[in-house]
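Quick notes on the structure that follows.
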Amino acid sequence: QVQLVESGGGLVQAGGSLRLSCAASGSIFRINTMRWYLQAPGKQRELVAAITSEGSTNYADSVKGRFTISRDNAKNTVYLQMNSLKPEDTAVYYCNADITHGVPQGNFRYWGQGIQVTVSS
């Protein structure tokens, strides 16, 4: 069993910055791709950024040049550095990880609980 715990959200003014963290714990053999999603009220969850185990990254067009995804494999943690925040970035942010288990064995996708980011104008 694996748990993803997010932290670092909150309220910030437009133009400000936040850094989200998501730490994985439990029976982990390997963490493969890790991702951040956002979900605005009443809308579908959308991919924000992804990072592979090798460090390759992909970003949604709306956040390119403003957000940076990174990971610390020694800490089983993925980060999302959010700069130049806009009110339209307001959403619940979820981390996601594709994980190969030790016990029980298998490959699974896990989700964090979600963390609120609110950007005021």
Side-chain angles (χ1 to χ4, degrees):
Q1 183 60 39
V2 170
Q3 186 176 41
L4 304 181
V5 179
E6 302 179 2
S7 61
L11 175 65
V12 66
Q13 289 188 328
S17 298
L18 288 172
R19 189 180 73 161
L20 305 182
S21 300
C22 178
S25 62
S27 180
I28 299 170
F29 178 76
R30 174 183 173 87
I31 302 179
N32 304 305
T33 300
M34 306 183 80
R35 308 171 184 88
W36 287 97
Y37 287 77
L38 66 81
Q39 189 166 22
K43 293 190 175 182
Q44 190 171 337
R45 197 169 298 181
E46 301 177 357
L47 180 67
V48 176
I51 184 167
T52 70
S53 59
E54 295 79 28
S56 297
T57 58
N58 293 104
Y59 297 93
D61 288 341
S62 61
V63 306
K64 286 180 179 177
R66 299 190 298 122
F67 291 8
T68 302
I69 189 170
S70 61
R71 62 193 289 168
D72 185 336
N73 291 332
K75 296 181 178 180
N76 289 335
T77 298
V78 62
Y79 305 95
L80 186 67
Q81 179 67 47
M82 303 184 292
N83 298 326
S84 302
L85 282 161
K86 305 174 181 179
E88 50 263 45
D89 297 321
T90 295
V92 176
Y93 285 73
Y94 296 86
C95 67
N96 164 277
D98 295 332
I99 293 175
T100 300
H101 274 256
V103 179
Q105 289 188 336
N107 298 291
F108 299 90
R109 175 175 293 177
Y110 289 89
W111 292 89
Q113 77 282 3
I115 189 165
Q116 179 70 45
V117 171
T118 302
V119 184
S120 64
S121 59

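Note that the structure is predicted; figures quoted are calculated from it, not measured.
- Annotation: the span from Ile28 atom CD1 to His101 atom NE2 amounts to 8.0 Å, rounded to 0.5 Å.
- Side-chain contact check for Asn96 versus Arg109: some heavy-atom pair is nearer than 4.5 Å.
- Expressed to the nearest 0.5 Å, how far OG1 of Thr118 lies from CG of Leu85 amounts to 10.5 Å.
- A heavy-atom distance below 4.5 Å is not found between the side chains of Val12 and Met82.
- To the nearest 0.5 Å, atoms OH (Tyr93) and CD (Glu46) are separated by 9.5 Å.
- Counting only heavy atoms from C-beta outward, the side chains of Cys95 and Met34 never approach each other to under 4.5 Å.
- Shortest non-hydrogen contact noted between Asn83 and Ser17 is OD1-OG, 2.8 Å.
- Grouping the Ile, Leu, Val, Met, Phe, Trp and Tyr side chains by contacts below 4.5 angstrom, directly or via other members, places Trp36 with Leu4.
- Nearest heavy-atom pair across Gly8 and Leu18 is O-CD2, 3.9 Å.
- Looking at every heavy atom in both residues, Val92 comes nearest to Gln116 through CG2-OE1, 3.3 Å.
- Applying the 6.0 Å contact sphere to CZ of Phe108 captures more than 12 heavy atoms from other residues, nucleotides or ligands.
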Report task. Report the C-alpha distance between Ser53 and Asn32 in whole Å, list the side-chain angles of each, state the deciding distance to 0.1 Å, and finish with yes or no for side chain to side chain donor-acceptor pair (under 3.5 Å). Result -> CA-CA 5 Å; Ser53 59; Asn32 304 305; 5.1 Å; no
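- Here the straight-line distance linking atom CD1 of Ile51 with atom OG1 of Thr33 works out to 9.5 Å at 0.5 Å rounding.
- A donor-acceptor pair is defined here as one N or O able to donate and one able to accept, closer than 3.5 Å; such a pair exists between the side chain of Arg71 and the backbone of Thr52.
- Hydrophobic cluster membership is shared by Leu47 and Tyr94, with clusters built from Ile, Leu, Val, Met, Phe, Trp and Tyr side chains linked at under 4.5 angstrom.
- Closest non-hydrogen pair, Gln1 versus Tyr110, comes out as NE2-CE2, 3.8 Å.
- Scanning all heavy atoms of the two residues, the minimum distance from Ser84 to Asp89 falls at O-OD2, 4.5 Å.
- For the atom pair Ser121 OG and Lys86 NZ, the distance stands at 14.0 Å (nearest 0.5 Å).
- Nearest heavy-atom pair across Ala24 and Val2 is CB-CG1, 4.5 Å.
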Requested in this report: I would like to know whether Val119 and Val117 meet side chain to side chain contact (heavy atoms under 4.5 Å, CB included); could you show each step before the answer?
Outcome: CA-CA 7 Å; Val119 184; Val117 171; 4.2 Å; yes
Would you tabulate the side-chain donor-acceptor contacts of residues 55-64 under 3.5 Å, counting partners in other chains and residues two or more places apart, or write 'none'?
unit_1: Tyr59; atom_1: OH; unit_2: Ile69; atom_2: N; d: 2.9
unit_1: Asp61; atom_1: OD1; unit_2: Lys64; atom_2: NZ; d: 3.0

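- To the nearest 0.5 Å, atoms OG (Ser7) and CD1 (Ile115) are separated by 6.0 Å.
- In this structure, Leu20 is a member of the same hydrophobic cluster as Ile31, with clusters built from ILVMFWY side-chain heavy atoms closer than 4.5 Å.
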